[in-house]
There are 2 protein chains.
Amino acid sequence: MSKKKVSLKDIAQKAGVSTALVSYVLNGKEKESRVGQEIAASIKKIAEELNYQPNYVAKSLRSGKTHTIGLIIADISNPFFANIARIVEDEARNHGFTVIIGSSDENADKSWNLLNVLIHRQVDGFIIVSSENSEKQIYHLKDKHIPFVLLDRHFSEIQTDFVTVNNYKASYDAGTHLIQHGYQSIGMIAYKSQLFHMKERIRGYLHSLKENDISFYDNWLQEVRFNYIKKEVKLAIDAMRSSEQPVDAIIFATYGLAVNGLKYINALHLKVPTDLAIVSFGQAEGFDLYYCPITYLRQPIEDLGKTAVELLVKKLKNPEQGMQQILMEAKLMIRDSSRRKN
Amino acid sequence: MSKKKVSLKDIAQKAGVSTALVSYVLNGKEKESRVGQEIAASIKKIAEELNYQPNYVAKSLRSGKTHTIGLIIADISNPFFANIARIVEDEARNHGFTVIIGSSDENADKSWNLLNVLIHRQVDGFIIVSSENSEKQIYHLKDKHIPFVLLDRHFSEIQTDFVTVNNYKASYDAGTHLIQHGYQSIGMIAYKSQLFHMKERIRGYLHSLKENDISFYDNWLQEVRFNYIKKEVKLAIDAMRSSEQPVDAIIFATYGLAVNGLKYINALHLKVPTDLAIVSFGQAEGFDLYYCPITYLRQPIEDLGKTAVELLVKKLKNPEQGMQQILMEAKLMIRDSSRRKN
DNA sequence: ATTTTTTGTTTAAACGATTAAGCTTACATT
DNA sequence: AATGTAAGCTTAATCGTTTAAACAAAAAAT
């Protein structure tokens, strides 16, 4: 089976007309281009019979549009990003776009590489979860007038479209919640990072303490390096516990930090929440399977992803589209790991 | 900034030669096409200066190759597939290919849709984790001579290239392990499915019982429907426990089943492994965070993904490439949830 | 001195679609 | 009868590459 691919030319030949007519008809331009009724009908019929499928590569070359979106995330094997990817993909497909995903591993060089590969592949636009020190890349896109939307993170000093959660508020809520449930010595483990969203998470945490007149001890805030997460999370927990004022609760700034932290807490035979209460950013089955379900900040992943796609698609259809910056709220899902202290 | 895109023509003009020469030089065909030394050098220099980047769309149109692979999986938000996707992506990029991912949700119709969208996008080939009842799709690809490799699952009645684990052996190992650790009444929760890999998992389990002269009770094997997983896993566990011969151990045939099962087991306040030992297929942090780390079958995800890409790339480069069918071994990672019964 | 070969380069078609502009008819208007 | 206009269709350029074939000039062989 499987004869040659059917092209416009084949249809034109069979119908005894030029390819122009076929193109007009199959693109629904019969009216504007005054194609005869019968001829139009017969073209449609033949196209149907031959099971014509347009060649998108040819279309793309002509139009300069590939109907493809590049999605750059930190790591597709991280559940948060996997979920984002899923939403973005589905939503993009609904709009007739195809998605190409790349994982940057939070590494600016990899991200730069990906960006360029995808630009050369002529993607129409990008949805990006930025890595640290990747400001240059953003400027580059602006320079080249390639449309993009930042997702989950943005740079406070660069004006761009973005869709993120209000990390400050989320963190503040987490801290306040713990305080209201009777915890007085609350630590936070975050990444050592210049990224705005991380700074905001820290700021929110600190603010919740201050507002409740809890005096802060330096040891309570631990910033670990992404590439040494396993070791440094342990050190961080050790430091917090041996602090002048040992913590009775910890807020983890990401899912990955929480996974590592909880493993160590298990190893130390600490009981959650009696020895240590927990609140974490991120979400995945891990938190459900834990013997004491973990209180977490649920980010509106579906909304985030859909909105990012919508913004981008709008920009692609109308490059004059004004800038949009969207902050969404994370919801604190209260479970056992932050049970009221007795 | 951002003047117009630089094309071969621009370079040709600046160098005062035809585009053909430029093409030859930039594709390293200077020798075969006997391009003059100086002219070649100057072309290279100019290309460099103008920062020329070839237009892949045009290249694709000409060559009929897009250097793009379609990856169809069940669901990118499932950690197993997310990991696969990650590996496939990286490996493909190493070979100069780009990956487009689609999630089928184990649904043959969606999968069929995806397949067609990607075919029209002119992907060069596919890596597919097949859904149930998608045999037709496989025949379709064979018919059209579109290269593909099946991953993780295959159809015993269709001759295709594939890369999967030896599910029979994995399951058999799990059963044997439990028996050797003193468990006598071992149940399995699997999906109700015609898919070969699922049948094999069941077959391996049954065989381990038989070989150890353990008589099997019908209630021990529970097959639940994918779309009713939450409810039916509960029913399954209830049925096993109220069996004539209640189970003291359960093998879960997938990670998703295990997550649901463990949640219910927690809700029932059953202690693992004293009340119920557990072994599961799949892997993710969930199993580490569980108060009693779960014994699981670790599939060689990295190898699976890489090998699938390698096979496909080989086929793309040489369509005459003979069929390859690769079975890999899953490794039983023994942890606390199957601790020796005392 | 003529022919052949080699070397270096250009021409032009092709991939598959889109679309502005041009070309015929037929019909309506004066 | 002459002119204008609308309808219906074709031509040909274009997007950016690749590459077989043609060509011209120089070098080698006769």
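Letters A, B, ... mirror the listed sequences (proteins, then strands); counts begin at 1. Both backbone and side-chain heavy atoms feed into the values below; hydrogens, waters and symmetry mates do not.
- Counting only heavy atoms from C-beta on, A:Y52 has its side chain closest to C:dA17 among C:dT9, C:dA17, D:dT10.
- Relative orientation of the B:F196 and B:H154 rings is perpendicular, given thresholds of 30° and 60° on the angle between their planes.
- A salt bridge is defined here as a Lys NZ or Arg NE, NH1 or NH2 lying under 4.0 Å from an Asp or Glu carboxylate O, and B:E106 with B:R153 meets this definition.
- No side-chain donor-acceptor contact under 3.5 Å links B:D105 and B:S103.
- What separates NZ of A:K29 from C1' of C:dT18 is a distance of 7 Å, to the nearest Å.
- The ring pair (Phe, Tyr, Trp, His ring centres under 6.0 Å) contacts involving residues 99-143 of chain A comprise A:W112-A:H140, where partners must be two or more places apart or lie in separate chains.
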Every protein N/O lying under 3.5 Å from an N/O of nucleotides 20-24 of chain C:
| residue | atom | partner | partner atom | Å |
| --- | --- | --- | --- | --- |
| C:dA20 | N6 | A:Y24 | OH | 3.3 |

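- A salt bridge is absent between A:E48 and A:K44; no separation between the charged side-chain nitrogens and carboxylate oxygens falls under 4.0 Å.
- As judged by a 4.0 angstrom heavy-atom cut-off over every strand, A:S7 is placed among residues touching the sugar-phosphate backbone only.
- Looking only at side-chain heavy atoms (C-beta outward), B:I84 and B:I301 come within less than 4.5 Å of each other.
- A salt bridge links A:D90 and A:R86; the closest N-O separation between the charged side-chain nitrogens and carboxylate oxygens is under 4.0 Å.
- Residues from residues 55-66 of chain A that place a heavy atom under 4.0 Å from any atom of DNA chain C, listed by number: A:N55, A:A58, A:K59, A:R62.
- B:D161 pairs with exactly one of B:Q325, B:Q321, B:K315, B:K314 by the side chain to side chain donor-acceptor pair (under 3.5 Å) rule, that one being B:K315.
- Residues A:T19 and A:S33 both approach DNA chain D. Their nearest nucleotides, taken by heavy-atom distance, put A:S33 toward the 5′ side.
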